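Working notes, structure below.
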Amino acid sequence: MLNFALTLAFALVATAFAMSFFRLIKGPSAPDRILALDTLYINAIALLVLFGIQLASPLYFEAALLIALMGFVGTVALAKFLLRGDIIE
Amino acid sequence: MSPTTEVLLSLLILAGAAFTFIGSLGLVRFKDFYTRLHGPTKATTLGVGCLLAASSIFFSITGEGLSLHEILVSLFLFITAPISAHLLAKTALHQGLPLGFNITRQHDTDIPRMPIKDS
């Protein structure tokens, strides 16, 4: 039962990945693309957590934590650049 | 692992994956940027929260001792998701992105407004 749920969850998150990637490529404006990148890193965290459960290995949390940190910094830097024309004033 | 915990884990995992999916579906399907911002920022936070809760329960049962470092990730996401959404909304307003079809239609009709009082 857990294996079936994991397989279905992998399929759902992979579809979510593909849809965010579609918005990243298509997105008519720059904030759309930044939002798609933001969603992509959150989807990556979900995928890493699922991998950690399936392989029963606690090694994947450090990667998830690092992606969360770096993704937030990247989103803030990109949004700040569009907002002010500079990142560190 | 007892059957009850297995069912609970499966439900949490499926709910988390479904919320993640719905968030990205909103990102693709909504009409303008401001509604698109709504989908992922709420749904993915809840989805990843469910998945992290499932992972915490799983490693508390199978591993030795309580597994609590998933809370770090979920706490960090809960703190940072509103901040990045706020910054993105500010950026979109700064760039003057257009509103969606329905919203502009609503503004065109005669909605009764509150009269502005002189102070």
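Predicted, not measured: the structure shown is a model, and the values here were computed from it. Each chain gets a letter, A, B and so on, in the order the sequences are listed, and its residues count up from 1.
- In the hydrophobic cluster analysis, where Ile, Leu, Val, Met, Phe, Trp and Tyr join through side-chain heavy atoms closer than 4.5 angstrom, M1(A) is grouped apart from L8(B).
- Between T91(B) and P31(A), the closest heavy-atom pair is CG2-CG, 4.2 Å.
- Residue with the most contacts toward chain A among L51(B), L27(B), L25(B), L9(B): L27(B) (heavy-atom pairs, distance under 4.5 Å).
- For the atom pair L2(A) CG and T5(B) OG1, the distance stands at 9.0 Å (nearest 0.5 Å).
- The hydrophobic clustering, which links ILVMFWY residues whose side-chain heavy atoms are closer than 4.5 Å, places L66(B) and I53(A) apart.
- Of the residues considered (A64(A), G52(A), A5(A), G71(A)), A5(A) shows the highest number of contacts with chain B, using heavy-atom pairs under 4.5 Å.
- The part of F58(B) that comes within reach of chain A is its side chain, from C-beta onward, which places non-hydrogen atoms under 4.5 angstrom from that chain.
- For the atom pair CG of N3(A) and CD of E6(B), the computed distance is 8.0 Å after rounding to the nearest 0.5 Å.
- The same ILVMFWY cluster, assembled from side-chain heavy atoms under 4.5 Å apart, contains both L77(B) and F51(A).
- Counting heavy-atom pairs closer than 4.5 Å to chain B, the top-ranked of the candidates F10(A), F22(A), F61(A) is F61(A).
- Heavy-atom distances place the side chain of I45(A), and not its backbone, under 4.5 Å from chain B.
- Of the listed residues V48(B), L72(B), T80(B), V73(B), the one with more heavy-atom pairs under 4.5 angstrom with chain A than any other is T80(B).
- Atom CG of L40(A) sits about 7.5 Å away from atom OG of S24(B), to the nearest 0.5 Å.
- With rounding to the nearest 0.5 Å, the separation of CG in L69(A) from CZ in F76(B) is 4.0 Å.
- With a threshold of 4.5 angstrom between heavy atoms, S57(A) approaches chain B through N, CA, C or O but not through any side-chain atom.
- If you measure heavy-atom distances from T75(A) to chain B, the contacts under 4.5 Å come from the side chain alone.
- Only the side chain of L50(A) comes within contact range of chain B, with heavy atoms under 4.5 Å apart.
- The candidate with the highest count of non-hydrogen atom pairs below 4.5 Å against chain A, out of A17(B), P40(B), A85(B), A54(B), is A17(B).
- Expressed to the nearest 0.5 Å, how far CD1 of I22(B) lies from CE of M19(A) amounts to 9.5 Å.
- Each of V49(A), L12(A), L6(A), L8(A) was scored for a side chain to side chain contact (heavy atoms under 4.5 Å, CB included) with I13(B), with one residue passing: L6(A).
- Annotation for L82(A) and H94(B): closest pair O-CD2, 3.8 Å, computed over non-hydrogen atoms.
- To the nearest 0.5 Å, atom CG of residue L35(A) and atom OG1 of residue T41(B) are 7.5 Å apart.
- Neither the backbone nor the side chain of T62(B) comes within less than 4.5 Å of any heavy atom of chain A.
- With a 4.5 angstrom heavy-atom cutoff, A56(A) touches chain B via backbone and side-chain atoms both.
- Both the backbone and the side chain of V28(B) come within less than 4.5 Å of a heavy atom in chain A.
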Stepwise side-chain contact (heavy atoms from CB on, under 4.5 Å) check, I83(B) with F72(A):
CA-CA 9 Å; I83(B) 299 173; F72(A) 172 66; 4.0 Å; yes
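- Heavy-atom contacts from other residues, nucleotides or ligands closer than 6.0 Å to CZ of F21(A) number 12 or fewer.
- Hydrophobic clustering keeps L14(B) apart from L46(B) (ILVMFWY residues linked when any side-chain heavy atoms are closer than 4.5 Å, directly or through intermediates).
- Heavy-atom contacts from other residues, nucleotides or ligands closer than 6.0 Å to CZ of F19(B) number 12 or fewer.
- F33(B) and F30(B) fall into different hydrophobic clusters, where Ile, Leu, Val, Met, Phe, Trp and Tyr residues are linked whenever their side-chain heavy atoms come under 4.5 Å apart, directly or through other members.
- No other option in L52(B), L93(B), L88(B) has as many heavy-atom pairs under 4.5 Å with chain A as L88(B).
- Looking at D38(A), the atoms closer than 4.5 Å to chain B (heavy atoms on both sides) all sit in the side chain, from C-beta outward.
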